[in-house]
2 protein chains.
Amino acid sequence: MKKTSTRLADGRELIYYDSRDDAVRDAEDRRPLPHGETLSELRHDPVLDEWVVVAAHRQGRIYHPPADECPLCPSRDGRLSEIPEPDYEVVVFENRFPSLATHPHPEQVRATPPHVIRPAAGRCEVVCFTPDHDASFADLTPRQVATVLEAWTDRTAELSALPGVEQVFCFENRGAEIGVTLGHPHGQIYAYPFVTPRTERMTAAAAAHRRETGRNLFEDQLAAERVSGERIVVAGEHWTAFVPFAAHWPYEVHLYPNRRVRDLLALNDDERAEFTHVYLDLLRRFDLLFTAEEPGQEGSTGGAVNRTPYIAAWHQAPVRHGAGAREGADELALHMELFTIRRTVGKLKFLAGSESGMDVFINDVAPENAARRLREVKP
Amino acid sequence: MKKTSTRLADGRELIYYDSRDDAVRDAEDRRPLPHGETLSELRHDPVLDEWVVVAAHRQGRIYHPPADECPLCPSRDGRLSEIPEPDYEVVVFENRFPSLATHPHPEQVRATPPHVIRPAAGRCEVVCFTPDHDASFADLTPRQVATVLEAWTDRTAELSALPGVEQVFCFENRGAEIGVTLGHPHGQIYAYPFVTPRTERMTAAAAAHRRETGRNLFEDQLAAERVSGERIVVAGEHWTAFVPFAAHWPYEVHLYPNRRVRDLLALNDDERAEFTHVYLDLLRRFDLLFTAEEPGQEGSTGGAVNRTPYIAAWHQAPVRHGAGAREGADELALHMELFTIRRTVGKLKFLAGSESGMDVFINDVAPENAARRLREVKP
């Protein structure tokens, strides 16, 4: 495993992750890129008591470019992309249109009380999973997944060490139906300068569970699913994937290591090795959920057309833990939540009034049926 | 104002609201409808500590019927719809495919601990705003809006009195882009058997604000917006509409009565009268936001094609208040939140990884710019 860090023409960091220790990555970015300026800011919503990122400069970002102008392909045949090398395995770089930036614009931090505003400090990175534009994560080999996992793990360590970063979130949005603007297989990493509302609720629930039972909430849930079995999708030696009892989405799978750990850094070699197989198995099952042909979609989504759109979200404990950290921060168990917004062939699950207005989800697919279907479809 | 209650062939309640006191509504539902059975259930998500409605029977519900089979048009010319009369002004009836039902199926209340399940008690109603299939709420006259407001108010009173109902939510989803399956102008009312997660967060924030300042959170926010003025869209004598400082959506307007009240029942005649004008003004401004022509959409959305998709959500205080109610329940101020998922012509705001995974919203439109644009577009 070799890691090579370099800088793009506008000063952004780019890091190659290579399985070969002798990989040489020394190409320079020869594009005449101006240094970007991030005009994001964090605004506090007092009614919901949460931060909103206002990133007005992002309206102009690249939207469904043609495949031959893909900024995530390697630089080849005289065409210069975000990645200077003519090839790569896995590469991570700072987003050119970041919502959160290492050096946010200093003008943007004023507000008249009672309004509260702060700089959108943090970092947004792009992770390219493969140089193959038309592939999908599910097409990777286990060895390639291992390199992606290395990259996620390394970035979690590096970003957690940045001043002010409170939470690191690795995720993938896949499919035009979810708003993905670039078809090239890639994910993102957000380093937030606060603990996110979702994680706050999870840690609060886990802290309450500890007070009431003396046990860990996530361990109890995983144990109950393994005993029941009816919502299990994949039961590995080191990982378990199940549809949660109160799934919010039509097809939603939570993937936990059987041994509770707080973040990606804490996974051992056996867990890492099995993850590559279990995760590919899950993604391939997702792609088989809706097999009937659907009309082609607009946009340069390459191989992703007609495959199941999904969001894959790594939940990790907040950066600050141990003595002095928020109650419940040490309870959070690393896991991935994988879900699709598709309900059935040709139909999406929309977040309408009940979900978007009141946070009450209505799920039209019984979790037991979703699990059965995911077990039945064999990649 | 006259209210006429009747029963549909399968036992569901239907209520006509008429501005004329001499309206006669005595047509019978002559369809051979079987009595429906609701298989919804409420499942508790222990990790987020919230209820999810699992409504697996709803997958078969009517999806984009052709206009001549619209179930929300009056029954005319030999075609029988959900509304037995050949004409109506405003009509409310129990949803044929409800997520929450007055008599939920008793089989559905068992779960093995630690999982918790309960009957999906409550009620889901449909509100038809006008018999005109091709109209939109924005096309109504102020007099028609007054009748809709009467219906919302009456339903809030009636549903609040049902055993077990904790919160009444009147809302409208408009536009196929938001997943609306029937183009006929209509809204919905949910009577939830719990206080929704959104309202819980609002009441918690308001309770904390009261403890810290001795004042009401919503009154303070409204006062600050009126002093600043830069995010005001409409400032009436009795109502104020503004884009919130930390708006989550590209175009989002909150409409408050200037006098804080807890629910629709508490509005006085002057407030009711002005609401009809202010709300129509807002909806018409929304429709002018994206005026460039876009390709027509599939489905029987009638007059809604190419108009701005939106969600309009009435926030009311929980049913239980006063002594013994949750802290903050009496702080909640009636208001409407109106927002669109459209970012700009041809582009939607998707809830991807950050929003759906971590509840962190990224808004690409500065609230001050959204307010300026909404002030500039003149209906």
Side-chain angles (χ1 to χ4, degrees), chain A residues 43-56 58-59 63 99 112 114-115 169 171 173 178-179 188 190 192 196-199 201-202 205 217 220-221 224 228 244-248 311 313 337 343-344 348 350-354 356-367 369, chain B residues 43-56 58-59 99 112 114-115 169 171 173 178-179 188 190 192 196-199 201-202 205 217 220-221 224 228 244-248 311 313 337 343-344 347-348 350-354 356-367 369:
Chain A
R43 295 187 179 201
H44 187 251
D45 177 346
V47 173
L48 295 178
D49 188 18
E50 69 184 27
W51 294 98
V52 173
V53 182
V54 175
R58 292 175 83 237
Q59 280 274 29
Y63 195 71
S99 305
T112 313
H115 296 132
F169 177 41
F171 64 103
N173 301 328
I178 255 155
Q188 297 180 69
Y190 276 24
Y192 294 107
T196 67
R198 184 71 57 97
T199 303
R201 289 163 66 196
M202 287 182 172
L217 173 64
D220 277 5
Q221 292 300 313
S228 147
F245 172 75
H248 287 52
I311 293 174
E337 299 191 0
R343 289 198 290 138
T344 182
L348 299 183
F350 291 91
L351 300 189
S354 188
S356 287
M358 289 296 160
D359 294 329
V360 179
F361 273 68
I362 297 163
N363 184 356
D364 288 347
V365 178
N369 292 345
Chain B
R43 295 187 178 202
H44 187 252
D45 177 347
V47 173
L48 295 178
D49 188 19
E50 69 185 26
W51 294 98
V52 173
V53 182
V54 175
R58 291 175 83 238
Q59 280 275 29
S99 305
T112 312
H115 296 134
F169 177 41
F171 64 103
N173 301 327
I178 255 155
Q188 296 180 72
Y190 276 25
Y192 294 106
T196 67
R198 184 72 57 95
T199 302
R201 290 163 66 197
M202 288 182 171
L217 172 63
D220 277 5
Q221 293 301 312
S228 146
F245 172 75
H248 287 51
I311 293 174
E337 300 192 359
R343 289 198 290 137
T344 181
K347 295 185 191 173
L348 299 183
F350 292 92
L351 300 189
S354 188
S356 287
M358 289 296 160
D359 294 329
V360 179
F361 272 69
I362 297 163
N363 184 354
D364 288 347
V365 178
N369 293 345

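In what follows, chains are A, B, ... by sequence order, proteins preceding strands, each numbered from 1. Quick caveat, the model's predicted, so the values are computed rather than measured.
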Student: Over all heavy atoms of both residues, which pair between B:Val52 and A:Ala247 is shortest? Give the atoms and the distance, please.
Tutor: CG1-O, 3.4 Å
Student: Looking at side-chain heavy atoms only, is the closest gap between B:Arg201 and A:Asp49 below 4.5 Å?
Tutor: no
Student: Side chains of B:Thr112 and A:Ser228: closer than 4.5 Å at any heavy-atom pair?
Tutor: no
Student: At a heavy-atom separation under 4.5 Å, does B:Glu50 approach chain A through its side chain, its backbone, both, or neither?
Tutor: side chain
Student: Please examine the side chains of B:His248 and A:Arg43, heavy atoms only from C-beta on, and report whether any two atoms are closer than 4.5 Å.
Tutor: no
Student: Find the distance between OG (B:Ser99) and CG (A:Asn363) and round it off to the nearest 0.5 Å.
Tutor: 10.5 Å
Student: Do you know which two heavy atoms are closest between A:Val54 and B:Val365, and how far apart they sit?
Tutor: CG1-O, 4.4 Å
Student: Do the side chains of A:Tyr190 and B:Ile362 get nearer than 4.5 Å, heavy atoms only?
Tutor: yes
Student: Heavy-atom cut-off 4.5 Å, strictly under: side chain, backbone, both or neither for A:His44 against chain B?
Tutor: backbone
Student: Please classify the contact of B:Phe245 with chain A as side chain, backbone, both or neither, using a heavy-atom distance under 4.5 Å.
Tutor: both
Student: Looking only at non-hydrogen atoms, find the nearest pair between A:Ser356 and B:Arg198 and report the distance.
Tutor: O-NH2, 2.9 Å
Student: Using a 4.5 Å cut-off on heavy atoms from C-beta on, say whether the side chain of A:Val53 contacts that of B:Val360.
Tutor: yes
Student: Out of B:Pro114, B:Pro367, B:Ala313, return the one with the most heavy atom pairs under 4.5 angstrom to chain A.
Tutor: B:Pro367
Student: Check each atom of B:Leu48 against the heavy atoms of chain A and say whether the ones under 4.5 Å are side chain, backbone, both or neither.
Tutor: both
Student: B:Pro46 versus chain A, heavy atoms under 4.5 Å apart: side chain, backbone, both or neither?
Tutor: both
Student: What is the distance from atom CD1 of A:Ile311 to atom CG of B:Leu351, rounded to the nearest 0.5 Å?
Tutor: 8.0 Å
Student: Quick one: of B:Asn369, B:Asn173, B:Asp359, who has the most non-hydrogen atom pairs under 4.5 Å with chain A?
Tutor: B:Asp359
Student: State, with a plain yes or no, whether a side-chain heavy atom of A:Ser354 is found less than 4.5 Å away from one of B:Tyr192.
Tutor: yes
Student: Quick one: which of A:Pro244, A:Ala224, A:Gly357 has the most heavy-atom pairs under 4.5 Å with chain B, could you say?
Tutor: A:Gly357
Student: Grab the two heavy atoms, one from B:Leu217 and one from A:Val47, that are nearest each other, plus how far apart they are.
Tutor: CD2-CA, 3.9 Å
Student: Just so I understand: if I count every heavy-atom pair under 4.5 Å between each of A:Ala205, A:Ala352, A:Ala366 and chain B, which residue has the most?
Tutor: A:Ala352
Student: Quick check on B:Asp45 against chain A: is it the side chain, the backbone, both or neither that has a heavy atom closer than 4.5 Å?
Tutor: both
